[in-house]
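The structure under discussion appears below in the form of structure tokens.
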Amino acid sequence: MPELPEVETTVRGVGPSLVTRRITGWTIRESRLRWPVHLPEVMRGERVVQVLRRAKYLVFVTQSGAMIVHLGMSGSLRIVRRGAPAGRHDHLDVEFDHEVLLRLTDPRRFGSVHYHVGDWREHWLLEGLGVEPLTRDFDGRFLHGVARRRKLAIKQLLMDGRVVVGVGNIYANEALFRAGIRPRLAAGRISRKRYDLLAEAVREVLAAAIADGGTTLRDFVDGSGQPGYFTNSLCVYGRERQPCLVCGTQLKGVRLGQRATVYCPNCQR
DNA sequence: ATAGTCACCTGAGCGC
DNA sequence: TGCGCTCAGGTGACTA
């Protein structure tokens, strides 16, 4: 999926065409996503007042509530012209009071779409989410604090959305490489100083990926259908058994909590 | 509370 | 070409 940078890229791509527009209708071609898609009649006629990201959710804030979209592993949202033929995995179109549609494509159907009446922050999927990594709340002190006495591998802690949001498998691997920390280290055994480095690495890698329009492995496209270019800047993800770009040591691939994990046994300790 | 596993689904890539 | 297998960006639910 779409991790934080890809979702942010999507928000920036589709947001400007939709803000101030009125929702005139929608077409659900396939409602069997992660949760059944049901959009209530109260959404019709609502004006979009803001499009934002919270964790990996896109939030289309309206006057009465918000449409909340998650892209799962393979989802993407694009602005297309009305009448554009729908493909096999184009599950939802939302229509507005101008000549374009917001179209959700999601081959694996792990994504989700909800409409929440009221404050979007109170939607059950968003309650209990951790801190945003690009805010000031996220720093070494914070990570060090939540890691206290935890035996969980640091990589898994980084990927726990109740702690910090938006960091998926690609960027967890990349941030740990940049910080020089082994993915399997027990979170509770890492020093405050190293957590300062890690928090900084997470922020840097996410910011760099956003600047490049995200990472495209197979199917991610931005709001206008373009792939992301951060793929070219990945140091470890997808490079197991290849030489480390810094020291030349062969990168090691292991599995951690069912996820592919790659690190440099020399640079990361 | 914490850590580990499973499930959901389609498509791509690989060996045979 | 086709078959069967493994793997893939996420995360809620469930188990010990």
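In this text, all values refer to a predicted model and were calculated from it rather than measured experimentally. Residue numbers begin at 1 in each chain, while the letters A, B, ... track the order of the sequences.
- Residue A:Leu4 contributes atom CG, which lies 11 Å from atom P of C:dT11 at whole-angstrom precision.
- OP1 or OP2 of C:dG10 has at least one side-chain nitrogen or oxygen of A:Arg259 nearer than 4.0 Å.
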**Request:** Evaluate the side chain to side chain donor-acceptor pair (under 3.5 Å) criterion for residues A:Thr24 and A:Glu95: first the C-alpha distance (whole Å), next the side-chain angles of each, then the deciding distance (0.1 Å), finally the verdict.
**Result:** CA-CA 6 Å; A:Thr24 54; A:Glu95 300 142 20; 4.6 Å; no
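- At the phosphate of C:dT11, OP1 or OP2 sits under 4.0 Å from a side-chain N or O atom of A:Lys56.
- Listed by first residue number, the stems of DNA chain C with at least three Watson-Crick or G-U pairs below 3.5 Å are B:2-8 with C:10-16, B:10-16 with C:2-8.
- Backbone-only contact: A:Leu152 has heavy atoms under 4.0 Å from sugar-phosphate atoms and none from a base.
- Considering A:Arg269, A:Arg194, A:Lys155, A:Gln268 as possible partners of A:Ile181, the one that fulfils the side-chain contact (heavy atoms from CB on, under 4.5 Å) test is A:Arg194.
- A:Arg12 has a carboxylate O that lies under 4.0 Å from a charged side-chain N of A:Glu8, or vice versa, which qualifies the two as a salt bridge.
- Atom CE of A:Met73 and atom C1' of C:dC7 are 9 Å apart (whole Å).
- Across all strands shown, A:Tyr237 has heavy atoms under 4.0 Å from sugar-phosphate atoms exclusively, and none from any base.
- Computed from coordinates, the A:Arg54 CZ to C:dG10 P distance equals 16 Å when rounded to whole Å.
- A:Asp106 and A:Ser74 form a side-chain donor-acceptor contact under 3.5 Å, judged by distance and modelled atom types alone.
- With 3.5 Å as the limit, one finds no donor-acceptor pair spanning the side chains of A:Thr215 and A:Tyr237.
- With hydrogens and angles left out, the side-chain atoms of A:Asp90 and A:Thr105 include a donor and acceptor closer than 3.5 Å.
- Atom CG of A:Leu71 and atom P of C:dG10 are 11 Å apart (whole Å).
- Atom NZ of A:Lys151 and atom P of B:dA1 are 17 Å apart (whole Å).
- Listed pair A:Arg255 / C:dA8 meets the phosphate criterion, a side-chain N or O lying under 4.0 Å from OP1 or OP2.
- Of the candidates C:dA8, B:dC6, C:dA13, the closest approach to any side-chain atom of A:Gln258 belongs to B:dC6.
- Of all non-hydrogen atoms in A:Trp26 and A:Pro40, the two that sit nearest each other are CH2-O, 3.3 Å.
- Put simply, CG on A:Asp160 is 10 Å from C1' on B:dT2, counting in whole angstrom units.
- Taking each heavy atom of A:Leu71 and A:Pro2 in turn, the nearest pair found is CB-CG, 3.6 Å.
- Whole-Å rounding puts the A:Met159 CE to B:dA3 C1' distance at 15 Å.
- Here the separation of B:dA1 from C:dT11, taken at their P atoms, is 23 Å to the nearest Å.
- Within a 6.0 Å radius of CZ in A:Arg192, other residues, nucleotides and ligands contribute more than 12 heavy atoms.
- Under a cut-off of 6.0 angstrom, the local environment of CZ in A:Arg189 is sparse, with at most 12 non-hydrogen atoms contributed by other residues, nucleotides or ligands.
- The CD-P distance, from A:Gln156 to C:dT11, rounds to 15 Å in whole Å.
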Show each protein N/O and nucleotides 7-11 of chain B N/O combination with a separation under 3.5 Å, one pair to a line.
residue : atom : partner  : partner atom : Å
B:dC9   : O4'  : A:Arg108 : O            : 3.4
B:dC9   : O3'  : A:Arg109 : NH1          : 3.1
B:dC9   : O2   : A:Arg108 : NE           : 2.9
B:dC9   : N3   : A:Arg108 : NH2          : 3.4
B:dT10  : OP1  : A:Arg109 : NH1          : 3.0
B:dT10  : O4'  : A:Pro107 : O            : 3.4
B:dG11  : OP1  : A:Arg88  : NE           : 3.2
B:dG11  : OP1  : A:Arg88  : NH2          : 3.2
B:dG11  : OP1  : A:His89  : NE2          : 2.7
B:dG11  : OP2  : A:Arg88  : NH2          : 2.9

